[in-house]
Amino acid sequence: MNIKNKINNIIINSFEKAISEGKLPVAEYPVIKIEYPRESKFGDYSTPIALESARIIKRSPMEIGEILKNYICKNNDLIGEVYLAKPGFINIFISLNYLKENMLDVIKQRESYGRQIKDNPLRYNIEFVSANPTGPMNVVSARAAALGDTIANLIETNGDLVDREFYVNDFGNQVNLLGISVLARIKELNNEPFHFPEDGYHGEYIKDIARWIIDNYSSEFNGFKDDESKAVFAANKAIEFNTSSQKKDLADFNVNFKTWFRESSLHAKGEVTKAMKRLEQYDHIYVEDGKKIFRSTVFGDDKDRVVIRDDGRPTYLMADIAYHNDKLERGYDRLIDIWGPDHHGYIARLSGAVQALCGRNDMFRVLISQQVNLIMEGETVKMSKRLGNFSTMRELIDEVGVDVSRFFFIMRSMDSHLDFDLALAKKNSSENPVFYLQYAHARICSIFKEAERRNISLNPEKADLETLSNNEAVVILKLIAKFPEEISDAAETYEPHKISTFLMRLAQSYHRFYAEHRVLSEDDIKTQTNLALCDAVRITIKNGLHILGVSAPESM
RNA sequence: GCGCCCGUAGCUCAGUGGAUAGAGCGUCGGACUUCGAAUCCGUGCGUCGUAGGUUCGACUCCUACCGGGCGCGCCA
């Protein structure tokens with residue numbers, strides 16, 4: 001249990017005691033909130049519960065606070081001091097001894113510090129990136145990859161189970177168009193007359209695929225007599241080519257999917273019909289002009305949506321419903337999708353369908369990853385897939401590196417549009433927050449190397465309170481102790497940027513400590529205490545970076 | 001026209017209905033014979049887009065408007 005939860009329990013117990021002993025009246029009290037005061041002088045934790053109760057039980061906030069305060073500070077090793085502040089805030093300070101014990105605990109737990117263990121973990125399925133298999137991935141996919149993988153890491157660290165999944169849209173018009181585009185390029189390379197479709201895929205990579213097919217599959221390809229069969233063959237090969245290159249790019253980005261789910265498999269296995277029957281069974285479908293229509297307005301959509309056309313072909317939505325029905329049948333407790341900003345209007349209809357299928361509204365959650373503006377030399381690079389002049393995820397990995405790009409993508413809240421200054425990220429590494437963090441880690445490793453050279457080995461049991469009683473050390477101890485609740489918070493709200501913000505604060509507090517205090521000295525107790533503190537910082541930073549998929553180098 | 005995201009320091013952005021709104025970068029000035037100066041310290045006069053509302057209290061919630069971005073197919 002993290003500190004915030006412990007304090008919450010202490011306050012609940014204090015309330016119950018105060019009421020049972022007749023100091024406070026029985027009433028409908030508001031929900032207890034635990035806050036982090038903006039200023040450290042107001043405590044490590046604070047609750048406005050006395051203020052909020054005042055109106056309900058018609059007593060002054062200060063009076064209520066005074067009563068609660070006396071119960072809160074009794075008999076526990078967690079809380080050092082409790083103060084009542086002017087309007088009626090109850091401000092709580094954690095005891096230094098507790099912080100020291102926590103530091104020793106960090107060193108014992110090492111890699112598992114911050115990790116929660118749940119008796120009944122939930123099974124999550126998180127689907128993200130799901131880029132079309134019609135070409136290389138762009139930077140929006142890269143952001144989704146970093147976000148999705150980090151959220152999955154957070155959920156795992158928070159004690160639940162996650163499967164990462166990629167949906168391959170290998171069905172429908174765009175696939176035909178891809179085949180025709182590749183076929184045209186093959187003809188071009190063979191010096192045959194060709195017609196390139198206007199709305200086809202113009203990117204250079206289409207030529208690469210054409211050449212790859214000529215080099216490896218020409219006899220098979222030439223076996224087809226008509227253009228239609230050739231285009232189908234080309235399309236299948238192109239999807240194979242693109243999917244495997246996407247897989248490689250993602251693996252190089254430290255993102256590995258458990259499942260690559262092909263849309264075509266839904267149609268092949270009759271999943272679409274199955275999902276359709278399920279919707280019809282509960283009267284979510286009506287027929288109009290020969291089309292089957294889903295009553296999505298029941299679930300808050302603007303209008304009902306066609307799912308089966310009058311010629312009997314399912315729409316994309318229907319396939320997507322079948323896909324999510326399949327996920328439900330696989331027994332997950334929670335489904336999370338990460339989509340690009342251009343699909344926002346699609347949430348209502350699909351989440352409506354999931355509700356229709358499982359009868360619950362907390363089963364499915366869509367997170368929207370906002371757009372990425374690539375900035376080059378102060379100018380926004382406009383991306384257009386069809387014109388082919390987009391910046392790829394591969395270029396990003398090659399030019400900026402995995403650590404920097406992953407960190408940049410998650411360091412802002414998902415809701416904000418991200419300006420990614422490519423030139424800056426490359427130009428000068430010292431301007432990067434990533435390096436600031438990694439430097440703190442490397443610096444500590446360097447101290448341990450020096451200690452080893454001097455034949456000093458860490459013995460945390462020697463750590464003493466007096467050496468830790470300075471502002472710089474206390475700030476660090478408090479941040480380290482907060483790490484588990486930062487993880488829970490970030491995991492439960494699906495907000496990975498909270499971890500990067502936290503790590504920046506920790507690194508900053510460490511660099512300050514370093515500037516003020518010499519770790520290795522003649523004094524054995526001080527040396528051991530400071531080394532223990534350093535080790536706890538190193539472990540916390542490393543574990544935090546691990547969640548972000550960023551490396552923690554021992555030297556730079 | 002409708003829907004969603006954004007609007008906070010020169011720039012990029014944090015900020016759960018709470019106390020005097022903060023970080024990084026940039027600017028300018030300091031700090032290494034000693035564990036890594038990729039660091040630290042100092043330096044900020046901001047109509048929190050505007051106007052109302054809700055309440056003990058609003059950057060945060062509600063309404064309207066302004067500005068930027070993205071959607072609004074029986075495409076996928």
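Keep in mind the model is a prediction, meaning the values are calculated, not measured. Quick note on labels: first sequence line is chain A, next is B, and so on, each numbered from 1.
Contacts of A:His417 with the nucleic acid, taken as non-hydrogen atoms under 4.0 Å apart, include base atoms. A:Ile34 comes within 4.0 angstrom of a nucleotide base, judged by non-hydrogen atoms across all strands. Within 4.0 Å (heavy atoms only), A:Leu51 reaches at least one base atom of the nucleic acid. Within the 4.0 angstrom heavy-atom criterion, base atoms lie near A:Glu35. Among the atoms of the strands shown, only primed sugar atoms or phosphate atoms (P, OP1, OP2) are found under 4.0 Å from some heavy atom of A:Ser413. Within 4.0 Å of A:Ala85, counting heavy atoms only, lies at least one base atom of the nucleic acid. A:Pro48 comes within contact range of at least one nucleobase, with a heavy-atom separation under 4.0 Å.
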Give each protein N/O atom lying under 3.5 Å from an N/O atom of nucleotides 20-22 of chain B, with the pair distance.
from, atom 1, to, atom 2, distance (Å)
B:U20, N3, A:Glu39, OE2, 3.3
B:U20, O4, A:Lys41, NZ, 2.4

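Taking the C1' atom of each, B:C59 and B:A14 are spaced 12 Å apart, rounded to whole Å. Nucleotides B:A51 and B:G42 place their C1' atoms 40 Å apart, quoted to the nearest Å. Rounded to whole Å, the separation between the P atoms of B:C61 and B:C70 comes to 24 Å.
Contact check for A:Phe15 versus A:Leu24: side-chain heavy atoms found under the 4.5 Å cut-off.
Remark: A:Arg412 is not in phosphate contact with B:C13, judged by side-chain N or O atoms under 4.0 Å from OP1 or OP2.
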